[in-house]
Amino acid sequence: MSSSTHSRRSCKHNLLLAVVTTILTALLLGFAGTVILAGIANSGRDARMAYRTLDYDVTVQDDGSLRIVETVDVRLDKQKNHKPWRQIYQRYTLDSNQLTGISGISVEHLDTGDIYTQGDIVQPKDVRRAHGWNSEHAGTWYIANVENPKSKQSPLTGYTSIAPTDNVADPHRQTVEIGWNIPETKRASSMRFRVEMTFDNVATSYDDVTKFQWEPVSKDNSVPIGTLTARIHYPQPLDDANSWAWLHFEGPDSSIGRIDDGFEFRAHDVRSRMYVDYLSMTANDVTPYVMRMADTATKDATIAAEAQARADWDSRRTRDARLTIAGIAIGGALWLVCVVMMVLQCLRILRGIRYRGPIEYWRGAPAISPGAAARLYNIVVDYGNGEAATAPAMAATLMALVNKRIIAVFPGKVSLYNGEDGRPPLDLTSATPSMAMARLNALDEEHRSKAMKRCTFVLLPAAFDQRDPYTTRLCASERALLDILVEIGERTGSNVFDTKQMNKAVRKWKQARKRFQQFTQTCRGELQHVHAVKVSDRALHWWGAGAIASLLFVCVLLCFGVGEVVFTGIVACAALALTLFPLIRAPKYTLDPQGAKVAGQVEGLARYLLDFSHFQDRTMLDVTLWGEYLVYATAFGISKDVVAQFASAAAELRDAAWLDAHADMAPVLYWSMCTTTSGAAFTNDGGASVGGASFFDFGAQMGSNFSSMMSAASGGGSSSGSGFGGGGGGGGAGGGSFGGR
C-alpha cells in the first residue's frame, strides 16, 4: 500500500467515524432534550389522576339556578405512595353573590350501573383495612364544608349553604366538597360516572338583562382534562336579539356556538391551573323568577367589556406569535452564524495540523521516542488526541527494548522452554530467535498451534543495568515500561514469564493501572518536550457554545410557543448534527512551529516506509536499521504494510535460512519476517502475505498483548492474552376543582 493510499484511507476512516459519532450523539442528545422539554411543557397534563373527558348537560331553570348533569371519564394511575385510590371529589366555592348552595346530588357508576347513596363524611386515611372501606364506605357519596381549601387533606365538616346577597363588595364565601367513595383501586384506565347536582341561586336580574357566570373549572384545579364539552339549555327560545354568551379559556383550542335551545362550548387540553368559565346574558323574560336583583343596567357595559377583552386577547396572541417568530428567526440566524464560524474554524485547525514543510520522505529515526511518536502520528495523521495510541505506544516501546537487547520475546508459553514437557531446557537469557524457532518447529502441528496462543517475555541481564535515570541508552518512556515489566517479573517470581502469568500478576497488582497511566503521561511529556503540537484555538468551542445556546433558545420557543414537540425533536436532531460535527471533526491539536520539523520527520518516515519498495536508492539491507524501522512502523500502526514492503524489496527476507544466518541478532526483524507455507502454525490472519508466504504482524501482536494486560489492570479482559498468532374571565359561579385520594 502506498503512502497516499494509506493517507486517503485514514482520512476516510476518520471522516466516517466523525459522521457516525455526530449522528449518534445528535440523535441521543436531541431525543433526550426534546423529551425533557416536552416533559416540562406537558407538566400541566401529566398527573396521577386525569379526566379523559368531562361532559356537562346544564339546564337553566326559571329561578336562575342551574341543573347540572355531569358525565366524567376518569383515569387513575398508581399513586406515589403506592396507596390505592378510594375517593374522587370535586370542590366548588359558594358565593353569596352568585351561588348560595348545592342540592339535588346523585352519583351513578356508569361502568357497573351502581347508584351511590349518601353516606358519612370520612377520610380514606382514617380507614386502614381495605375490607372495612369496601364494605362500609364504597358506593356512597357525601357533601361537606372544607376548612382549608388549599389542602388536599383538609378536615371536612358538615355541609351548610349560605345566605344570598345582592352583589355586595365583600360577599361571603365557603368551599364545599362533593365526593364519592369507590372500591379500592390501584389503577384504572377508565372509570365513568354520572354526577347530578343543582347550583342554587346563580343568576342575577338587572334592569335590562339577566346574567350569570358559571365556572366549571377554576385556576385551583390540578387535574388535567382531555376534552371538556358542555350544552346549556334555557327555558325559553333564544335568538341573537335576546341572548349573548362568551367562553373564557386560556388554551389554544376552544369553541362556542348556538344550539336550538341555548349554547354549547368545547375546550380541549385543559391543563392544571387553567380555568374555564361561561358568561351568559339573556333577556329578563327568559328566566322570570330570579331571586337576586340589581337596580342597574349591565348589557351594554358587558358587551363592551367582552369585546374589549376579546380584542385584548387577540392582540396579545398576535403579539406573542410575532415575538415567537421573531425569536425563532433571531435564534436561528445566530445559530447559523455560529455554525458557519465553527466550520471555518474547523477547516483552519485541519489545515494547521498537517505538516507543509520541505520534508517529504525521512529515512532515519525521528528525533522522538517510539512512544511519543505513536501519539504524534495519531494526532497529525489520524486527527486524534493521542490517547488512542496508548497500545501502539507500548508495543513500539517494547519492540525498542527488544531491539536494544534489554528484554527478549519468544513464541509459546514458558513450559515450552523450561523442560517441563520432557525436552532439554533452553536458557532464554542467551537464546536467539533461531533457537526458539527450532524448538517450536519440533512440535507437531496441533501442539504448535496451542503453543502459539501465548508468548514468553524474558528480562535480560541488561534490564537490571538500565534503570539508572542518567543512562542515555533508554529514554524516559522506555524506562517507564521497563520498570513495569521488572515489577511484573518480581510479582511472578521469575525473570521469565508468559502472557497468562503476566495478566494474572497484573490483575492482583493494585497499582498496575496507575503505572500504565504514568507510562502514558511520560509519553505525553516527551511529546510536549519537543514542542511538535499545541492545543488548538479554543474559539471553536466558544462558537459551539453559542450555537448550542441559540439552538436551545429556538427549541424552547418551538416547544412552548408553537407547541410542536415532534417538529422540535426533528429540528433539534438535525441542527445538533450540524453543530456537533465541527466540534467532533476538529483535531484537539495543531502543529507548533517550534517543533514542526519533528512532525515532518514522523510523517516523512511513515511515508517512506509505506513507499519503501518503490525506492531504487534505498539503503542496502541493514537488519539493525530495518528493525528500528519496524519499531516506528508499530508506533504508527502500519507494521503490516511495512512488512509487506520489506518482503517485496528484499527477497532474502523470505528465506528462513537467510534469517537464521543474518537476522538472528535483530529479533524484531526476525520475528516480523518469519515466513511459512500455508497451514503452518506461524500463519497470522492479520499479517502480510507476499509471494505465497505469510508474515507475522509482530507489532500488532505486541499491541494486542498490552491491550490485554491493560484490560487486566482495569479488572477485565482475558487471562490468556495474545500470542504470536492472534382571554379575560375567571371567578364565575362554582369555581370547580377536582381531585382524588
Side-chain angles (χ1 to χ4, degrees), residues 1-7 9-10 359-382 384 386 388-404 409 477-478 523 598-615 618-619 621-650 653 659 663 666-675 684 686-690 694-707 724:
M1 178 184 295
S2 66
S3 60
S4 59
T5 302
H6 182 272
S7 179
R9 186 178 70 177
S10 178
I359 300 176
E360 182 177 4
Y361 291 103
W362 188 260
R363 303 193 180 197
I368 189 171
S369 71
R375 296 181 65 87
L376 181 57
Y377 186 85
N378 176 257
I379 291 170
V380 299
V381 176
D382 295 334
T390 299
M394 279 195 167
T397 304
L398 174 72
M399 292 173 67
L401 293 174
V402 172
N403 246 5
K404 294 179 180 180
V409 181
S477 56
E478 291 170 343
C523 294
V598 176
Q601 293 174 358
V602 167
E603 285 197 45
L605 178 59
R607 196 177 295 116
Y608 175 65
L609 293 177
L610 290 170
D611 294 340
F612 191 79
S613 63
H614 301 304
F615 285 91
R618 60 180 177 269
T619 59
L621 203 167
D622 183 338
V623 294
T624 302
L625 178 61
W626 287 27
E628 190 170 13
Y629 282 162
L630 287 170
V631 170
Y632 282 94
T634 299
F636 304 153
I638 58 175
S639 55
K640 173 184 175 181
D641 301 315
V642 173
V643 166
Q645 290 289 322
F646 284 3
S648 297
L653 291 177
L659 285 175
V668 170
L669 181 65
Y670 185 97
W671 292 125
S672 297
M673 303 308 301
C674 277
T675 60
N684 185 347
S689 180
V690 177
S694 298
F695 300 91
F696 277 129
D697 188 353
F698 184 61
Q701 292 299 328
M702 293 303 101
S704 178
N705 280 319
F706 277 104
S707 294
F724 275 68

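None of the values given here were measured: they were computed from a predicted structure. The chain is numbered in sequence order, starting from 1.
For the pair Tyr670 and Ala663, the tightest heavy-atom approach, listed with the atom from each and the gap, is CB-O, 3.5 Å. Ala388 approaches Asn378 most closely through the heavy-atom pair CB-ND2, 4.0 Å. Looking at every heavy atom in both residues, Val402 comes nearest to Val668 through CG1-CG2, 4.0 Å. Between Ser477 and Thr397, the shortest heavy-atom contact is O-CG2, 3.9 Å. Closest heavy-atom contact between Gly627 and Leu669: CA-CB, 4.3 Å. Counting all heavy atoms, side chain and backbone alike, Ala389 lies closest to Ala374 at CB-O, 3.4 Å.
Expressed to the nearest 0.5 Å, how far CD1 of Ile638 lies from CG of Leu609 amounts to 5.5 Å. A distance of 7.5 Å separates CG of Leu630 from CE of Met673, quoted to the nearest 0.5 Å. From Trp626, atom CH2 reaches atom CG of Asn403 across 14.5 Å, with rounding to the nearest 0.5 Å. To the nearest 0.5 angstrom, Glu628 atom CD is 11.5 Å from Met399 atom CE.
For Tyr632 and Trp362, the gap between ring centers reaches or exceeds 6.0 Å.
In this structure a side-chain-to-backbone donor-acceptor pair under 3.5 Å is present from Tyr629 to Arg363.
Two residues are said to be in side-chain contact when any heavy atoms from C-beta on lie closer than 4.5 Å; Phe636 and Val381 fail this criterion. Taking the side chain as every heavy atom from C-beta outward, Ile359 and Gln601 approach each other to under 4.5 Å. Residues Glu478 and Pro370 are in side-chain contact: their nearest non-hydrogen atoms beyond the backbone lie under 4.5 Å apart.
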